[in-house]
Q: 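Take this structure, written in structure tokens, and hold onto it; I'll ask about it next.
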Amino acid sequence: MREDNVIANDLGELTPILSPEIVDLHTSVERCHSRKIWNNSYRNNKKSRIPPQNMGKFQETGSRRELTCCKLGALVLIVSQMLMRITSGTPVPAPILPDNCTSEEGCCMPQPYTGKPARDFEGDLALPIRIRRPVHKLNESEIARLERGYKLLRELPDLDPRSLSNQANLHCLYCDNGIYYNNMTWPLEIHNHWLFLPWHRMFLYFHERILAKLLDDDTFALPYWNWDNQSSSEEANILPRIYSTNETSYLRDLNRNKCAQPPNLVHLNSIGGCTDKTADELRIENTQVMYTQIVTGAPTPRLFFGEPYSYGDSGGYGPGTFEDNPHGTVHLWVGDPDAATAFNDMGNFGRSARDPVFYTHHSNIDRIWTIWKTLPGKQRTEPTHADFLDSRFTYYDENADQVIVNLSQIINTPLLRYEYEESPTAWVSRGQKPGHEKNVTACNPLSPSQTNAMIYTTPELAAAGTLDAKPLTFRVTRPERSDVGVEVLEIQGIKVDNTLQSHWGAYLFFPSAELNTSVSCPEFFGTFNFSPHVGQAQVTRDLVWRVGIRQKLIDLGKDDYDDIVVTLVRFGPSIQQLQLGGTQVLYDTSPTTLD
Ligand code: C2O
């Protein structure tokens, strides 16, 4: 077994060996400490092991996070950080497929196809390095090879776990209530938290290897849809033509948004459907969305990857900025708003991987993860917690055999034998020449006295604030400056109805921001984007939204103030009202140095 603080029961499930005292001590120390500085080791979600009838109670307590115990001092802090390792949650064990499946959406995988037991993934260093290229630059023979691959994939029989529809089922299974471990209250979920990026990387890996096998060509590489590239001399930021315009293509999908067809530019801040923004406006907005979500909003692993998730958790507690937007917003932009199930196929967890464009979209997601790691800032690394590194997932390989992958293998990219051809990344410096990022023109210019007056007259967020059609403005006091970690705005206790979409844009020092305010304003500092998750209708949890604010404050020339004024603008007429539990500014010190 992988850890000495974990035992396996007869069912192969992992159970942490914890004494109740340790859990209690840890929990109380953790709550006090997390008020201003996050615990380095990614707070462990003990929510998962609390019986459902007590869930609400715990969450309420957790969101208040009183400081009462902080007087215990440094000794307790050190002890607590040591205990945290002992009281760690448990990484996700590999699901047993198809047995653990309870999907009501018909997503269960076919009965064992080859009948071989699942084996551990090893990687194959003898494979040639595959170069993933931008899809709009593929040459004729690469396009023909891709077409042939998807033709073969679609022609596989329904019982073959490698078929396109079964790959979509596998994706569906890992979200939307598809996989229940024995004796677990909640199903496994791989969205809305830190497992999202690695799970999808490996899903894509096997998709690529399956196509390579069908094509009998180990050099086959998936292309990437380069939607982050706003250059007007390339066709990077439209739905790839080869996936959309040829009616006989195997790359097409019939359930798509009519406004997402070429030559319309991608809308990275989309909530689905159409926009009346011009191409020039979209280029600027798309660049600003990328800069905000990937550069300023996510300088730490916790911000980029999302909230921790351990075995048994009731869904994700919050996605990283990137999963949220543009990952989720591109899904919504491609999905058909008029389909019987709105936003099918791409905008629906259960069906999105039926659309071949899913894989080229995720190829770009995976590529941007590799770029994020190269941006300035010493914290742009993967999480180091064991619950992350030792999570295990079951996939089907190119021979239709089940294979179990340990997450630490997924972030070991040399083992996976692929690389990305480079494309322009002007968004890294906000579309400006490097070094000129800060030459911003505010949409709401304010003198120092106007800024002070605004701070003085803006109230704090009322307890249990509500965000409805009217934008919500509140003041948040910043903690004392610290050289350790990164300054972050947190909104906790967000209550969502899982069956409804929700979306907000957030602005700094801009109380008059409203629906038509452009995200190209430098005051824009992040979005919250929640896609309906119908399979999880019964799951209730409070979400948390976090975003880095320091760079935006510096860009705006507002870093010297002790308070910030935040405005949230809810998007879309049919979108649900949101309850917010509270807000604070704190320092994120992820990843941990303890494990
Ligand atoms: Cu599992 Cu892009 O989603």
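Keep in mind it's a predicted model, so treat the numbers as computed, not measured. In this chain, residues are counted from 1 in sequence order. Heavy atoms only: backbone and side chains are in, while hydrogens, waters and symmetry mates are out. We count ligands from 1, going down the list as the structure has it; atoms in each ligand are counted the same way.
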Q: Got P356 and F358 here, is their nearest side-chain heavy-atom distance under 4.5 Å?
A: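 Answer no - side chains too far apart.
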Q: For residues 324-340, which side-chain donor-acceptor pairs fall under 3.5 Å, sequence neighbours excluded?
A:
residue : atom : partner : partner atom : Å
D324    : OD1  : T527    : OG1          : 3.4
D324    : OD1  : N529    : N            : 3.1
D324    : OD2  : N529    : N            : 3.0
N325    : OD1  : T329    : OG1          : 2.9
N325    : ND2  : N269    : OD1          : 3.0
N325    : ND2  : T527    : OG1          : 3.0
H327    : ND1  : E323    : O            : 2.9
H327    : NE2  : H331    : NE2          : 3.1
H327    : NE2  : H362    : NE2          : 3.2
T329    : OG1  : L268    : O            : 2.5
T329    : OG1  : P326    : O            : 3.1
H331    : ND1  : M346    : O            : 2.6
D336    : OD1  : D338    : N            : 2.8

Q: List nothing but the number: protein N/O/S atoms under 2.8 Å from atom 1 (Cu) of ligand 1.
A: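 The number of such protein atoms is 3.
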Q: Looking at R132 and E421, is any side-chain nitrogen of the basic one under 4.0 Å from a carboxylate oxygen of the acidic one?
A: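 Result for this pair is no, no salt bridge flagged.
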Q: State which residues pass disulfide bond (SG atoms under 2.5 Å apart) with C107; sequence neighbours excluded, sorted by chain then number.
A: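 Checked C107 against disulfide bond (SG atoms under 2.5 Å apart); matches are C172.
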Q: What heavy-atom pair brings S244 and R252 nearest, and what distance separates the two atoms?
A: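 So the two residues come closest at O-NE, 3.3 Å.
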Q: When you measure from atom 2 (Cu) of ligand 1 to each N, O or S atom of H327, which atom gives the shortest distance?
A: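 Going by distance to atom 2 (Cu) of ligand 1, the closest N, O or S atom in H327 is NE2.
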Q: For F530, what residues pass the ring-ring contact (aromatic ring centres under 6.0 Å, His included) criterion, not counting sequence neighbours?
A: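 So F530 forms no ring-ring contact (aromatic ring centres under 6.0 Å, His included) with any residue.
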